Amino acid sequence: MSQEKITKYDHKKIEQLWKEKWYADNIYEAVDFSPKPKKYILAELPYPSGKSLHVGHAMRYTVPEMYSRFLRMKGYNVMFPMGWDAFGLPTEMYAIKNGVSPQDATKKLAIDYKKAFMDIGYGVDWNREINTTDPEYYKWTQWLFLKFYENGLAEYKDMPVWYSQTAGILADEEVINGENGEKIAERDGSKVERKMFKQWVLKIPAYTEKLLEGLNQVDFPESIKSAQINWIGKKEGINITYKIKDSKETVTVFTTRPDTNFGATFVVIAPEHPLVERIIKPEFKTKVMEYARKSKNKSELERMEGGKNKSGEFTGSYAINGLNGYEMPIYVADYVLMGFGTGVVVGVPGHDRRDFEFAGLFNLPVVRVVVGGDGDTSDITKIEQVQEDEGTMINSSFLDGMDIHKATQKIMDFMVEKGMGERSTTYKIRDWIFSRQRYWGEPIPVIHTQDGKTQALADRLLPLELPYSNDYTADSFGTAPLGKLKAWIKTQDKNGQPAERESQTMPTWAGSSWYFLRYIDPHNDKAFADFKKMKYWLPVDKYFGGAEHTTVHLLYSRFWHRFLYDLGLVPCPEPYQWRMNGGLMLGPDGKKMSKRLGNIVEPGVLIENYGADATRIALAFIGPYSDTYPWNENTIKAMWRLVKNIYDLKEKVVLGDVKQDDESEAIKKSYNKLVKNVTEMCNALKMNTAISEIMIFVNDLKRTKTVDVETWKGFIKVIAPFMPFVAEELWQEINNFTTWDKNNSIHWQSWPKFDKTQIQNVATSLPIMINGKIRGQMTTTPIDTEETIRVKIAEDGKLRTYLQDKEIKKLVFVTGKIVSIQI
RNA sequence: GGGCGAGUGGCGGAAUGGCAUACGCGCGACACUUAAAAUGUCGUGGCCGCAAGGUCAUGAGGGUUCAAGUCCCUCCUCGCCCACCA
């Protein structure tokens, strides 16, 4: 096989030639149990719903991919895998639009996406490609779901859910605030409302403590940790039980501020709370029940508007505050939520804004029990006087004079001792609704028996394949698309009795909750992954993804993994050692790329016009990975020039000895700096500045006449992670390789080293600062000391004008950095 | 309302407490061209100055330090996430 020599930079020829060879020989193979140290570099798997890869997504893969190439050259056994997360509504809608089945659409999209990934030259081990919609894959998603089921962490129960006519049943995290504050479906922007449905849930609240504790073991940015901590929403407080006047019933409230309890003047119950019916006085029944019914049907928009305009009804009953015997009227109001704490709140209007608003509505007394920094002890009449943060107790018996934090502890101890309450911890995170009334998802491998119970499918019946259907719509109430397939739904339980299959499917998050495990052992048909292989590869060393997944995918997949760890099925408690969130690539107009605005930039077009190398470095150079910025068409033009300039520089390479002169010395110095800086920047994942360093070196080379062959080869290695195609071409050419051998690929070479002495032991220009201003420069070498510097300064003509007749009060000399003088 | 983060040229952005504005874009001048595009060379924070040089600039104001974009305090603005969560 002979390789045609390419003399003029022609990205199409170069890219076609090398990508064929790379992928045919799978040069980016990740080797199980290799003696080399491993690195598992993971980027969130794409969701192939559109025609092809989006430039915004390409940006998120390019930097991690460059990093994985750098590590491979540094001698690591690198896994940089790729797969397709293809269940879910977008694929279903794509299929409908194109008149094909979701199964066929997914197959085609996966092929298109894979081609796009190859076109841009991503160094993926394609033997590990996965697709979450492949029955051989979702067999294990189902199997893992049954582990939750067997351990009581997957349950079928009535849950309030969001419901949209077009998007079906949605979980909290799939519903966002629309432009006018109204709740809409994230998927398609349709209106949603609250409904009760029988749902499968995964009980993530059972894992809150482990998930919180696990954050201490991982290297995540503070912002991600705190987002997850807030999402879990752990609050420590106390459940206080009050007796109800003239009744055997009691009412229990949750509060984090029992210190203010001497200022409690009323109690509020959530309208749907079961206690309401038991404590209500007959003469108030009609009104309260009417109120409860109304608030149940209130849309979220109305409830939010209610935030400015409180409402409620008196029940006729009173709770007795054990601290002071105060009789607190009990109300129902929908600003109290059933799902948090005990569903009952004690009203302290002097020190809680919502309680103050409510007290105003019913003319309830407002009592001050905390004095803030302003010392105000007057009656509280305005919302501005309500304060919650810091202060000292008053009007509170034995708490008076105490700081509120101390008082909080004191009163809790007191109440626990007197049997008035129990310390309690509550969490914001709820059960994770894990079923959807959609067609295109993993069938839940459970059957409903005649007696109304559920039964898991036996392992040998997995995968439970998704049956073909032409009808992807759910009935407006009750029946999921699969429920319409009567023949499929009908089945038998373990005892041969008639039973029905579950008709709901799993959410999009199912397959992606454990996909990183399947990459480790993608073809295993005995287990979701081999334990020894997991032990070798886990945890994921670096995980890159979108900020929008911080509290959804990232947290929930940690939950799956931690659960599997507790079962002894995976070797480590935390799946991801390190995480970085990627920013967003906006359109050239600075707006979020969208079909509607027509500002989408497609990487395929860029690759066609400017080449994959230019596209790659444009995506990495335009800004830091985590930031959001607009696409700029000029950038890729500049990057194309850079690649072309590099290609043309090969004419300057001298194969024999190069004449030693100032020019060759300068290049040597510049080269060593290049290697040092690019190495550091790759380690720090600052690919934008790494590319700047390459530009600086290229600028230096452009100014010189020749470059020696060793420097040139080192330079090609440096650019290889960024511009893999042109690097391969130049590498093959300079080495005169006439036939392809993967061992000779630039991508199997080792990363160059640099010579420290070339950077350090050189004369440098040292700035001289006098009274905080730079007043001169001076040539120094590393052997200079403070003494020699003092002499040089005294001799310097220019500096003398500043120092004349002045005494040097202080002189600070930082080697190689600065001399700072005070006069 | 709560949490997190960010404010540096015309723009994207650099800068372990040590010469602010690297690198790129854009712009200007010049070269090549009949001309334009492309390409190349040089220049490019503001103000004063022919120049040498001086001086002011990292959202605003204070502070620590020989030295602050960087650390501390107060404030302003913007972005993202959460939000009647007790």
Side-chain angles (χ1 to χ4, degrees), chain A residues 176-177 221-227 229-231 233 235 237 253-258 260 268 270 303-310 333-337 339-348 351-355 357-358 388 426-430 547-548 550-551 581 583-584 590 617-618 621-624 626-639 641-642 644-645 677 680-681 684 686 688-696 698-699 702-703 765-777 798 808-823:
Chain A
I176 55 171
N177 289 322
E222 212 43 54
S223 59
I224 294 179
K225 284 189 182 180
S226 64
I229 289 167
N230 289 341
W231 191 261
K235 285 264 173 72
V253 304
F254 172 76
T255 179
T256 56
R257 293 291 308 276
T260 62
V268 186
R303 262 184 107 147
M304 274 171 51
E305 277 174 347
K308 295 160 209 149
N309 196 5
K310 292 261 179 319
D334 59 10
Y335 83 92
V336 175
L337 306 174
F340 191 78
T342 59
V344 190
V345 167
V346 56
V348 184
H351 305 284
D352 182 286
R353 306 180 77 86
R354 294 151 306 181
D355 293 348
E357 285 163 7
F358 191 79
E388 304 151 68
T426 183
Y427 303 89
K428 218 157 69 172
I429 198 165
R430 311 290 168 78
E548 69 275 19
T550 301
T551 49
N581 284 348
L584 212 59
I617 55 176
F621 178 72
I622 201 159
S626 305
D627 288 3
T628 290
Y629 28 73
W631 171 252
N632 181 346
E633 190 69 23
N634 287 321
T635 302
I636 193 156
K637 289 181 185 161
M639 295 306 120
R641 281 198 293 272
L642 176 66
K644 183 186 172 292
N645 284 335
N677 290 345
E680 286 172 5
M681 287 162 183
K686 292 182 175 176
N688 54 331
T689 52
I691 293 165
S692 296
E693 293 297 326
I694 290 171
M695 289 171 174
I696 291 168
V698 168
N699 288 342
K702 274 157 76 179
R703 278 187 216 105
S765 183
L766 192 75
I768 314 296
M769 182 183 274
I770 298 173
N771 283 351
K773 288 195 192 303
I774 302 299
R775 294 300 185 183
Q777 297 285 330
K798 195 190 158 202
I808 294 182
K809 285 183 194 144
K810 186 167 184 177
L811 186 143
V812 178
F813 170 55
V814 185
T815 311
K817 296 281 186 191
I818 204 160
V819 177
S820 183
I821 298 167
Q822 286 293 298
I823 53 173

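Atom set for the values below is all heavy atoms of this structure, side chains included, hydrogens, waters and symmetry mates excluded. None of the values given here were measured: they were computed from a predicted structure. Every chain is numbered from 1 and lettered A, B, ... according to where its sequence line falls, protein lines coming before strand lines.
- Between A:Arg775 and B:rC19 there is no side-chain N or O to OP1 or OP2 distance below 4.0 Å.
- Here the straight-line distance linking atom CG of A:Leu811 with atom CD1 of A:Ile823 works out to 11.5 Å at 0.5 Å rounding.
- The distance from atom OG1 of A:Thr635 to atom CD1 of A:Ile622, rounded to the nearest 0.5 Å, is 4.0 Å.
- Under the 90° criterion around 0 for the glycosidic angle, B:rG46 counts as anti.
- Nucleotide B:rG12 holds its P atom 16 Å from the CG atom of A:Leu584, rounded to whole Å.
- Taking atom P in both B:rC11 and B:rA22, the straight-line distance is 15 Å, to the nearest Å.
- The closest side-chain heavy-atom distance from A:Glu222 to A:Lys225 is below 4.5 Å.
- Of all nucleotides listed (B:rC23, B:rG18, B:rG3), B:rG18 comes nearest to the side chain of A:Ile818.
- Of the candidates B:rC84, B:rG40, B:rC25, B:rG40 carries the atom nearest the A:Asn645 side chain, counting heavy atoms from C-beta on.
- Using a 4.5 Å heavy-atom threshold, the side chains of A:Ile818 and A:Ile774 count as touching.
- Using a 4.0 Å heavy-atom cutoff across all strands shown, A:Thr635 reaches no nucleic acid atom at all.
- Atom NZ in A:Lys773 sits roughly 4 Å away from atom P in B:rC56 (whole-Å rounding).
- For the pair A:Asn230 and A:Thr256, nearest-nucleotide mapping onto RNA chain B gives the more 5' position to A:Asn230.
- Here the side chain of A:Thr689 is nearest to one of B:rC84, B:rA22, B:rC19, namely B:rA22.
- Taken to the nearest 0.5 Å, the CE atom of A:Met639 stands 7.0 Å off from the CD1 atom of A:Ile691.
- Taking atom P on both nucleotides, B:rU74 is separated from B:rG26 by 44 Å, rounded to a whole Å.
- Not one side-chain nitrogen or oxygen of A:Asn581 sits closer than 4.0 Å to the OP1 or OP2 atom of B:rC80.
- The residue A:Asn634 sits close only to the backbone: its heavy atoms come under 4.0 Å of sugar-phosphate atoms, none of a base.
- For the side-chain hydrogen bond (donor to acceptor under 3.5 Å, both in side chains) test, no residue two or more places apart in sequence or in another chain qualifies with A:Gln822.
- Counting to the nearest Å, the C1' atom of B:rU16 and the CE atom of A:Met681 are 12 Å from each other.
- Residue A:Met695 places its side chain closer to B:rG24 than to any other of B:rC84, B:rG18, B:rG24.
- Rounded to a whole Å, the CD1 atom of A:Ile774 is 12 Å from the P atom of B:rU55.
- B:rA38 and B:rA31: their C1' atoms are spaced 14 Å apart (whole Å).
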Requested in this report: Apply side chain to side chain contact (heavy atoms under 4.5 Å, CB included) to A:Phe813 and A:Leu766, showing your working.
Outcome: CA-CA 10 Å; A:Phe813 170 55; A:Leu766 192 75; 3.8 Å; yes
Query raised in the report: When Watson-Crick pairs (N1 to N3 and N6-O4 or O6-N4) and G-U wobble pairs (N1-O2 and O6-N3) count only below 3.5 Å on both distances, what is the dot-bracket string of RNA chain B, with | for other-strand pairs?
Result: (((((((..(((.....[....)))((((((.......))))))((((....))))..(((((..]....))))))))))))....
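- Nucleotides B:rG12 and B:rA83, compared at atom P, are 31 Å apart to the nearest Å.
- Among the atoms of the strands shown, only primed sugar atoms or phosphate atoms (P, OP1, OP2) are found under 4.0 Å from some heavy atom of A:Ala638.
- Contact annotation: A:Asn688 reaches the phosphate of B:rA14 (side-chain N/O to OP1 or OP2, under 4.0 Å).
- Distance, A:Asp627 CG to B:rC80 P: 14 Å, rounded to whole Å.
- Here the separation of B:rA20 from B:rG9, taken at their C1' atoms, is 11 Å to the nearest Å.
- Here, B:rG7 and B:rG69 have their P atoms 14 Å apart, quoted to the whole Å.
- For the P atoms, the distance linking B:rC19 with B:rA68 amounts to 11 Å, nearest Å.
- A donor and an acceptor atom never sit less than 3.5 Å apart when one is taken from the side chain of A:Lys637 and the other from the base of B:rC25.
- Residue-to-nucleotide contacts include a donor-acceptor pair under 3.5 Å from the side chain of A:Gln777 to the base of B:rC19.
- Look at NZ on A:Lys428: it is 10 Å from P on B:rC82, rounded to the nearest Å.
- Summary of the strand contacts: A:Glu222 and A:Pro624 both lie near RNA chain B, and taking for each the nucleotide with the nearest heavy atom, the more 5' one is attributed to A:Glu222.
- Atom CZ of A:Arg641 is separated from atom P of B:rU41 by 11 Å (rounded to the nearest Å).
- Using a 4.5 Å heavy-atom cutoff, the side chains of A:Pro221 and A:Ser223 are in contact.
- Side chains of A:Val336 and A:Val344 form no contact here, defined as non-hydrogen atoms less than 4.5 Å apart.
- Under the 30°/60° scheme for interplanar angles, the aromatic rings of A:Phe254 and A:Phe340 are found to stand perpendicular.
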Requested in this report: Let me have a per-nucleotide readout for nucleotides 58-73 of chain B, 5' to 3', with B, S or -, counting only protein heavy atoms under 4.0 Å.
Outcome: --------B-------
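- In this structure, the OH atom of A:Tyr629 is 14 Å from the C1' atom of B:rA14, given to the nearest Å.
- The side-chain heavy atoms of A:Asp355 and A:Val345, taken from C-beta on, include a pair separated by under 4.5 Å.
- Residue A:Lys686 is classed as a sugar-phosphate contact, given heavy-atom separations below 4.0 Å to backbone atoms only.
- B:rA60 and B:rU77: their C1' atoms are spaced 10 Å apart (whole Å).
- Distance CE/A:Met681 to CD/A:Glu693: 4.0 Å, rounded to 0.5 Å.
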